[in-house]
Amino acid sequence: MELDQVRVAQLSDLKGVTSLYKAVCDHQLLDKYGAKWTWGEYPSANGLRDFIQQATVVVGVKDNQIIAAGVMTTGEEYPDVNWPTKVNEREIGIWHLIAVHPDYRRTGGSHQFLDGLLNEARREGKRVIHLDVLADNLPSEKLYSKIGFRLIKELIIHYDDIGDQQAKVMKYQL
């Protein structure tokens, strides 16, 4: 499946973005792997609005429906990691909330979506992308590795909604 477009979200996209994350959270009980998000806490409609207004939210669109989304913030979020590439904080993109609607998983669109997110990072002058993935979320780790992310370190990360979790931090060199 090919996405019709990958673009930066606008506030007018909030309803579609919210619907996507709600569908992903509702489907988590059926997923063997996943992010373990708690709809209304993380993510939430208000939090997504703030991300659209203050960060970069990229969406993947198919047939006028938002079927993929991800958030990119700027700066350093993992102070206990000795990253191999030293760059200015403004040159670090951090990916959060990467999601594909359950009905569109394993259709090939995730690669196109992630390429679009990488292209947006380049447009913003990022030199590296950092992200974390729960240690047991093997499909996501495999997907990120396939597009060029490198595993840097395993560590315990505290998430406000699910507490301390074993996770892996990964890096992509732009």
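What you see is a predicted model; the values in this text were computed from it and never measured.
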- Note on the structure: Hits for side chain to side chain contact (heavy atoms under 4.5 Å, CB included) against Thr18, two or more places apart or cross-chain, chain-then-number order -> Leu14, Trp39, Ala45, Leu48
- Query: Say you draw a straight line from CE of Met170 to CZ of Arg150; how long is it, rounded to the nearest 0.5 Å?
  - Reply: 10.0 Å
- Message: Once salt bridge (charged side-chain N to carboxylate O under 4.0 Å, His left out) is applied, do any residues pair with Lys146, and if so which ones, sequence neighbours excluded?
- Response: none
- Task: Start with the C-alpha distance between Gln10 and Ile52, add both sets of side-chain angles, then the distance that settles side-chain contact (heavy atoms from CB on, under 4.5 Å), and finish with yes or no.
- Result: CA-CA 6 Å; Gln10 304 299 314; Ile52 290 172; 5.6 Å; no
- Query: Side-chain contact, heavy-atom cut-off 4.5 Å: Val87 with Ile92?
  - Reply: yes
- Message: If I take atom CD1 from residue Ile129 and atom CG from residue Leu118, how far apart are they, to the nearest 0.5 angstrom?
- Response: 6.0 Å
- Message: Any non-hydrogen side-chain atom of Met72 less than 4.5 Å from a side-chain atom of Val58?
- Response: no
- Task: Can you tell me which residue pairs pass the side chain to side chain donor-acceptor pair (under 3.5 Å) test with a partner in residues 52-65, sequence neighbours excluded?
- Result: Thr56-Glu124
- Message: So, using salt bridge (charged side-chain N to carboxylate O under 4.0 Å, His left out) as the criterion, who are the partners of Asp13 when residues are at least two apart?
- Response: Arg7
- Message: Just to verify, what does Gln165 make a side chain to side chain contact (heavy atoms under 4.5 Å, CB included) with, not counting sequence neighbours?
- Response: Lys36, Leu134, Tyr159, Ile162
- By side chain to side chain donor-acceptor pair (under 3.5 Å), which residues pair with Tyr78, not counting sequence neighbours? Asp132
- Does some side-chain heavy atom of Val169 sit less than 4.5 Å from a side-chain heavy atom of Glu77? no
- Test side chain to side chain contact (heavy atoms under 4.5 Å, CB included) applied to Ala68 - qualifying residues, sequence neighbours left out: Val100, Phe113
- With sequence neighbours left out, which residue pairs that include part of residues 4-31 fulfil the ring pair (Phe, Tyr, Trp, His ring centres under 6.0 Å) condition? Tyr21-Trp37
- Message: Quick test of your reading: applying salt bridge (charged side-chain N to carboxylate O under 4.0 Å, His left out), list the pairs with at least one residue in residues 152-174, sequence neighbours left out, ordered by first then second residue.
- Response: Glu141-Lys168
- Quick one: are Leu11 and Arg49 in side-chain contact, heavy atoms under 4.5 Å? yes
- Report the distance from atom CG of Asp26 to atom CD of Gln28, rounding to the nearest 0.5 Å. 8.5 Å
- Query: Can you check whether Tyr42 reaches His96 side chain to side chain, under 4.5 Å on heavy atoms?
  - Reply: yes
- Note on the structure: Residues passing the side chain to side chain contact (heavy atoms under 4.5 Å, CB included) test with Ala55, sequence neighbours excluded, are Phe51, Val71, Thr73
- Message: Counting C-beta onward and ignoring hydrogens, is there a side-chain heavy-atom pair between Leu114 and Leu143 closer than 4.5 Å?
- Response: yes
- Query: Which side chain to side chain donor-acceptor pair (under 3.5 Å) pairs, counting each pair once, include a residue from residues 106-122, with sequence neighbours left out?
  - Reply: Asn119-Arg122, Glu120-Arg123
- Set of ring-ring contact (aromatic ring centres under 6.0 Å, His included) partners for Tyr144, sequence neighbours left out: Phe149
- Query: Quick one: are Gln173 and Pro84 in side-chain contact, heavy atoms under 4.5 Å?
  - Reply: no
